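Letters A, B, ... are given to chains in the order of the sequence lines, protein chains preceding strands, and every chain is numbered from 1. Not measured: the values here are computed from a predicted model.
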There are 2 protein chains.
Amino acid sequence: MQERRPTLADVAREAGVSVTAASRVVNGGRGVAPHVRRRVQAVIDRLAYRPSPAARALAAGRADVVELVVVDDGECSLGSNPYCGRVVAGIAAELAGSPAQLRIHVVDESAAPRRLVEVAGAASLGAILVNVPADLGADFYRRCDRVVSMGRSAPRVPFIDPDNVAGARAAVDHLYRGGRRRLAAIHGPERNPCAIGRRTGYQEAMRDAGLPPLGAGGNFRREGGYAGTQRLLADHPDLDALFVACDVMAVGALQALAAAGRRVPDDVAVVGFDDSLLVSCTIPPLSSVRQPVEEMAATATRALLGGHLAAWQSTFPTTLKVRESSRPDPRRGRGRLRRRPAGWPRG
Amino acid sequence: MQERRPTLADVAREAGVSVTAASRVVNGGRGVAPHVRRRVQAVIDRLAYRPSPAARALAAGRADVVELVVVDDGECSLGSNPYCGRVVAGIAAELAGSPAQLRIHVVDESAAPRRLVEVAGAASLGAILVNVPADLGADFYRRCDRVVSMGRSAPRVPFIDPDNVAGARAAVDHLYRGGRRRLAAIHGPERNPCAIGRRTGYQEAMRDAGLPPLGAGGNFRREGGYAGTQRLLADHPDLDALFVACDVMAVGALQALAAAGRRVPDDVAVVGFDDSLLVSCTIPPLSSVRQPVEEMAATATRALLGGHLAAWQSTFPTTLKVRESSRPDPRRGRGRLRRRPAGWPRG
DNA sequence: TTGTACGCGTTATCAC
DNA sequence: GTGATAACGCGTACAA
């Protein structure tokens, strides 16, 4: 179907120079006379020469490939979780224009330990980890230090994460200012680092506000949000606000509230976390704490390409996106607002 | 950080055989004495030998890589469209276990013509195309015949698609049996092959039912669903069912209906298309025509790996998933025209 | 059945 | 500034 692709040797011969010179031109290397460079470049364009990634990888001992490793535990799979897609989009955007490419490994939870060893051994530019448990992250890091974890991992593993604590605090703050006082939360998985941060933020903010924390445990699934809301409604029928640790669960919460006959936001205000594509799909549209996943993934990618990763880490600010699900109820008067206690977090 | 990875030569030396024999064992080739095979295999395991993809690609002239090409036109980006994630998941699942890997190219609409040429030129195992317009698909096929388009493309380009026509018919059928007679549709982009199939199915089914088609054009975005629904409500205030060409638009439709004070499914039944993760996020849960995207992507991948792609094509059955948004209204008799509920219409 | 030797397209080292 | 040339790790005719 296609002719043999032109090689560097073809270019060199055609331009009347050595392959070394041609290689230098291709790679923008130093030590080539300007007129030679121009001549070679012309030939490259004419032949539509593209270097062979395989040969380049073999010779250089490293491939221009960023590995994306996603551990699929049912909650976080590419097919069913908006987060993963955003990560891919962010990496892809950063890689566009560079010769580097993105390779994806979706590994089943059970096969993860084995598969991660393989990927770590074969990684070149580096790897980005999504939903990789801390112990496996540490293991990976031991084998390959060119790695960034999306979200905190084991202590020394480079990571990038959103400011979960501040995000949760902002959500509580916003709900409090809207006059809500029976302010409950649905948390994520017990030991998930993101979930821990969001729970901490909620608890700190509630303590600062002098309110009792009302929490229900959960996973990061819709069903968990639904069940958690049912439990909370049973235990605290008078609750008037919900902070939910992720959008997917928040969707379940909205459904549970609707099923229980509570109006949103009139009876109960709801704020989710992630600001995923789901927020505009609910009725009413969901307030949510935005984490800039695409930018974070792009930053992680840049860090990998850059190289200096020793103890690298980065925390991105989160921003509260207020939508219909948490508009202040006009019936709640300002008079019901408590005075701000000392140490109340700034917005 | 890591020792030099063992090479095939290491394995051969360690096992006391030639590299050829070792290579045969690695690749499961024929012509190796059983006891030799076992001995070599033992060494491979002991050294944890993994063949170098780069060297293999260079020597064999082809890399074990499946290229996924997604044209990002704003409607179909990995970050914001559930469909793309499902494709990735399907390919990844099929590739798990094989040495082949998945490489992702998200190409901007404007850069698509240029980028597709590059990918086609460098493709090895082959490519899977998502949201690639027919003309570009034809162009790609001309340069590289190891390609499958997700959804119909230009005439000779191998493709895999859901049975859009039958899916749409099933949706209309279901709504009709639920007693709906003022049955409108919101279509997808004018020239999108999937959208065309769904529109055709709707129109055929309506004709067969002896009902006048009521259609509004749209894109595949939520806003399009919202606007289309508003238009339809304005033009046909008595409509009692909506078939929407994709879930994302259906979400918009649900919102528009809610804003207009129409109850779902009591006043208006809604059926979407795709059965994406959105269906369980709406209130009420959305009936939808399921297309098995993951399986389709896996099948496409298998086809690529298999090789015989000349004029290959495959159409997958769609199945209607009935949920709350289109439950038959008990007040409606089967086949009887509906009675107007009290308090309607308004606005 | 087994082994030798060359080629794949590129980078990098070192002489010129 | 330029150019031979040796790796890089593997597949595979071809010879034994």
Open item on the list: Does A:Arg156, at its CZ atom, have more than 12 non-hydrogen atoms belonging to other residues, nucleotides or ligands within less than 6.0 Å?
Closed with: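 Incorrect, the count does not exceed 12.
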Looking across every strand, which nucleic acid part, if any, lies under 4.0 Å from [X] by heavy atom: base, sugar-phosphate, or nothing?
X: A:Ser52; value: sugar-phosphate
X: A:Leu58; value: base
X: B:Val26; value: nothing
X: A:Arg30; value: nothing
X: B:Val36; value: sugar-phosphate
X: B:Thr20; value: base

Open item on the list: Quick check: on DNA chain C, is the nucleotide nearest A:Pro51 upstream (toward 5') of the one nearest B:Val17, or the reverse? Name the residue that is more 5'.
Closed with: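 Nearest-nucleotide comparison on DNA chain C picks B:Val17.
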Open item on the list: Return whichever of B:Gly16 or B:Ala55 has its heavy-atom-nearest nucleotide of DNA chain C closer to the 5' end.
Closed with: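 The 5'-side residue here is B:Gly16.
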Heavy-atom check, side chain of [X] versus side chain of [Y], under 4.5 Å:
X: A:His105; Y: A:Glu118; answer: no
X: B:Val119; Y: B:Cys144; answer: no
X: B:Leu125; Y: B:Leu304; answer: no
X: A:Thr7; Y: A:Val19; answer: no
X: B:Leu309; Y: B:Asp145; answer: no

Open item on the list: Using five pairs at each end of the helix from C:dT1-D:dA16 to C:dC16-D:dG1 to define an axis, what is the angle between those two axes, to 10°?
Closed with: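 Here the local axes at opposite ends form an angle of 40°.
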- [ ] Would you check if there is a donor-acceptor pair between the side chains of A:Gln291 and A:Asp274 at a distance under 3.5 Å?
- [x]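 Yes.
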Rounded distance in Å - [atom1] ([X]) to [atom2] ([N]):
X: B:Tyr49; N: D:dG9; atom1: OH; atom2: P; value: 10 Å
X: A:His35; N: D:dG1; atom1: NE2; atom2: C1'; value: 10 Å
X: B:Arg13; N: D:dC10; atom1: CZ; atom2: P; value: 12 Å

Task: Contact interval (first through last nucleotide) of DNA chain C with protein chain B, 4.0 Å heavy-atom - done: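 Contacts span C:dT1 to C:dG9, reading 5' to 3'.
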Task: Reported CD-to-CD1 distance for the pair A:Gln101 and B:Ile104, which is rounded to 0.5 angstrom - done: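 Nearest 0.5 Å value for the CD-CD1 distance: 11.5 Å.
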Open item on the list: Is there a side chain to side chain contact (heavy atoms under 4.5 Å, CB included) between A:Ile160 and A:Trp312? Walk through the geometry before answering.
Closed with: CA-CA 9 Å; A:Ile160 186 165; A:Trp312 185 89; 4.1 Å; yes
Open item on the list: Of the listed nucleotides (D:dG11, D:dG3, D:dC14), which one gets closest to any side-chain atom of B:Ala59?
Closed with: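 Output: D:dG11.
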- [ ] Kindly say if B:Arg56 contacts the phosphate of D:dG11, meaning a side-chain N or O under 4.0 Å from OP1 or OP2.
- [x]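 Answer yes for this pair, as a side-chain N or O of B:Arg56 is under 4.0 Å from OP1 or OP2.
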Open item on the list: Side-chain N or O of B:Ser23 versus OP1/OP2 of D:dG11: is the shortest distance under 4.0 Å?
Closed with: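 Looking at the OP1 and OP2 atoms of D:dG11, one of them is under 4.0 Å from a side-chain N or O of B:Ser23.
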